[in-house]
Amino acid sequence: MSTLYARDEAAVAGIEKLRFFPLEVVSGSGSTLVTPDGRELLDLSATWTASGLGHGHPAIVEAVSRAVRTAPGSGGLSAVHPDSVGLAEDLLALVPGTGERRVYLGHAGSDANDVALRACRHATGRRTVLAFEHSYHGGVGVAMGVSGVHVDAGVPADPDAVFIPYPNPFRPGADGLDADVAACLATAEQHLAGGSIACLIVEPILSDGGLVVPPDGFLARLHDLCRAHGVPMICDEVKMGLGRPGTLHAFEHDGVVPEIVTFGKVLGGGLPLSAAVGPAEILDHPPAAALLTTAGNPVCAAAGRAVLATIVGDQLADRAAEVGALLSNALRGLAGSPGADRIGDVRGRGLAIGVELVDPATGDRDPRLAAQVVYRAWELGAVVYYVGGNVLEITPPLVLTEAEAIRGAEILGAAIADAAAGRVDAEEVAKYAGW
Ligand SMILES: Cc1ncc(COP(=O)(O)O)c(C=O)c1O
């Protein structure tokens with residue numbers, strides 16, 4: 001273990017770590033990360049999508065440098081600044097919706113969801129939050145308590161959360177996917193009709209739960225039910241939104257217009273920034289109930305405006321669709337090569353791709369293999385993590401080039417082959433607990 005990694009272990013709190021291999025980085029450019037000893041790694045995660053525009057994007061560098069030089073303080077709490085107001089206006093223009101709407105500006109996906117959930121409880125006077133099993137909405141507060149992934153890991157659920165199953169096309173129940181969808185919607189309707197639901201919160205693509213793309217029309221049918229019972233839907237676009245799925249918003253795929261949409265990760269281009277966009281009657285109340293001193297600060301707001309302008313101006317959603325198709329096809333093209341019988345499924349939209357690793361004999365999930373594959377990929381020169389226990393989550397920067405996509409698929413193919421053949425040091429891998 002290097003000195004830097006050992007210093008981290010001695011100094012930085014374990015409560016905020018999720019480690020898969022001893023990754024050390026000192027700089028980055030585009031889709032490349034650079035280690036202290038000068039090794040270049042292909043970034044197939046984009047910091048769990050937070051570096052979605054790539055590392056050191058000139059538009060962000062320019063915007064942040066200007067803002068830092070001129071920043072008149074650090075927050076929207078008790079003052080207004082053109083960039084924080086401008087960012088809220090940009091979001092209102094980019095997110096579909098009707099009526100009078102507002103934008104909450106925050107620091108992380110966690111607080112955007114937390115605030116949206118609490119505001120819905122306040123506005124409706126109801127407590128229960130309808131959420132999904134294996135979902136992820138945050139690492140603190142109410143957002144954590146309604147996250148199925150945390151509950152799976154033993155964190156106490158929010159006492160007023162109700163979890164329903166998310167249909168998984170690759171692993172349908174005994175009666176098939178249509179029956180799963182029907183059962184899920186029937187359960188949702190039963191709860192929605194009961195009169196105690198404050199809101200429903202949903203990921204348009206279940207991400208940390210295993211990069212599960214729901215069947216077409218699922219989100220629309222769910223939203224129809226919410227509307228029929230007057231329950232606001234919070235669509236959590238924190239990880240999958242803003243260009244990555246090949247559309248600006250992931251919910252566009254189903255043609256829905258959710259009442260509240262939350263953003264984070266790529267919105268700040270690597271800086272802490274999040275947002276919730278929704279009805280004024282929900283997000284305006286109660287006043288002064290979500291106070292973070294540096295929320296809406298000019299530096300992060302400037303980064304957010306540059307990110308949105310770049311995604312739209314450079315047509316990065318279209319690009320994600322094209323390069324994502326190339327990368328998915330290259331991954332599917334691994335079929336027949338050594339170790340490829342361990343690939344149970346390649347799925348996704350745009351540059352959000354999941355590769356499910358299985359035991360070829362049984363089709364069961366193979367989490368041990370997933371841990372070894374991401375470790376081996378790091379040794380071979382790529383950064384990628386897994387979700388849902390056994391699914392490689394491939395979410396590179398939206399600026400990934402075609403050549404990088406092909407190289408990424410080659411590295412992943414080699415990593416899977418090596419791990420399947422037992423060429424990865426299991427003892428070394430075991431030092432990094434992962435999820
Ligand atoms: C869908 C989703 N929502 C919310 C969050 C929380 O975002 P943050 O970690 O920035 O607080 C995450 C983080 O992984 C996420 O994937």
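Numbers for residues simply follow the sequence, beginning at 1. For ligands, and for the atoms within them, numbers begin at 1 and follow the listed sequence. Since the model is a prediction, treat every value here as computed from it, not as a measurement.
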| said: For the 3.5 Å polar cut-off, considering only N or O atoms, please tell me whether Ser110 and ligand 1 meet it. | reply: yes

| Under 4.0 Å from any heavy atom of Asp208, which atoms of ligand 1 are there? | 14 (O), 16 (O)

| said: Parallel, tilted or perpendicular: which one describes the rings of His249 and Phe251, with boundaries at 30° and 60°? | reply: parallel

| query | Just which atoms of ligand 1 are under 4.0 Å from any heavy atom in Asp236? | reply | 1 (C), 2 (C), 3 (N), 4 (C)

| request: Could you tell me whether some N/O pair between Lys265 and ligand 1 is separated by less than 3.5 angstrom? | output: yes

| Residue-ligand contact Tyr136/ligand 1, heavy atom below 4.0 Å | yes

| note | of all protein heavy atoms, closest to atom 16 (O) of ligand 1 is Lys239 CB, 3.5 Å

| message | At less than 4.0 angstrom from any non-hydrogen atom of Glu203, what atoms of ligand 1 do you find? | response | 1 (C)

| More than 12 heavy atoms from other groups under 6.0 Å of CZ on Arg368 | no

Side-chain polar contacts of residues 164-171 - donor-acceptor pairs under 3.5 angstrom, sequence neighbours left out - could you list them?
{"from": "Tyr166", "atom 1": "OH", "to": "Glu203", "atom 2": "O", "distance (Å)": "2.7"}
{"from": "Tyr166", "atom 1": "OH", "to": "Pro204", "atom 2": "O", "distance (Å)": "3.2"}
{"from": "Tyr166", "atom 1": "OH", "to": "Leu206", "atom 2": "N", "distance (Å)": "3.4"}
{"from": "Asn168", "atom 1": "OD1", "to": "Phe170", "atom 2": "N", "distance (Å)": "3.0"}
{"from": "Asn168", "atom 1": "OD1", "to": "Arg171", "atom 2": "N", "distance (Å)": "3.3"}
{"from": "Arg171", "atom 1": "NE", "to": "Glu356", "atom 2": "OE2", "distance (Å)": "2.7"}
{"from": "Arg171", "atom 1": "NH1", "to": "Gly363", "atom 2": "O", "distance (Å)": "3.4"}
{"from": "Arg171", "atom 1": "NH2", "to": "Glu356", "atom 2": "OE2", "distance (Å)": "2.8"}
{"from": "Arg171", "atom 1": "NH2", "to": "Gly363", "atom 2": "O", "distance (Å)": "3.1"}

| said: So for atom CG, which belongs to Asn329, do other residues, nucleotides or ligands contribute more than 12 heavy atoms lying within a distance under 6.0 Å? | reply: yes

| field | Under-4.0 Å salt bridge between Glu393 and Lys239 | value | yes

| message | My understanding is that only one of Val277, Leu292, Ile260 makes a side chain to side chain contact (heavy atoms under 4.5 Å, CB included) with Tyr104; could you say which? | response | Leu292

| field | Any N or O of Gly109 closer than 3.5 Å to N or O of ligand 1 | value | yes

| In terms of atom number and element, which parts of ligand 1 are under 4.0 angstrom from non-hydrogen atoms of Asn113? | 3 (N), 4 (C)

| said: Do Arg244 and Trp48 form a cation-pi contact, if we require the NZ or CZ to be under 6.0 Å from the six-membered ring centre and within 45 degrees of the ring's axis? | reply: no

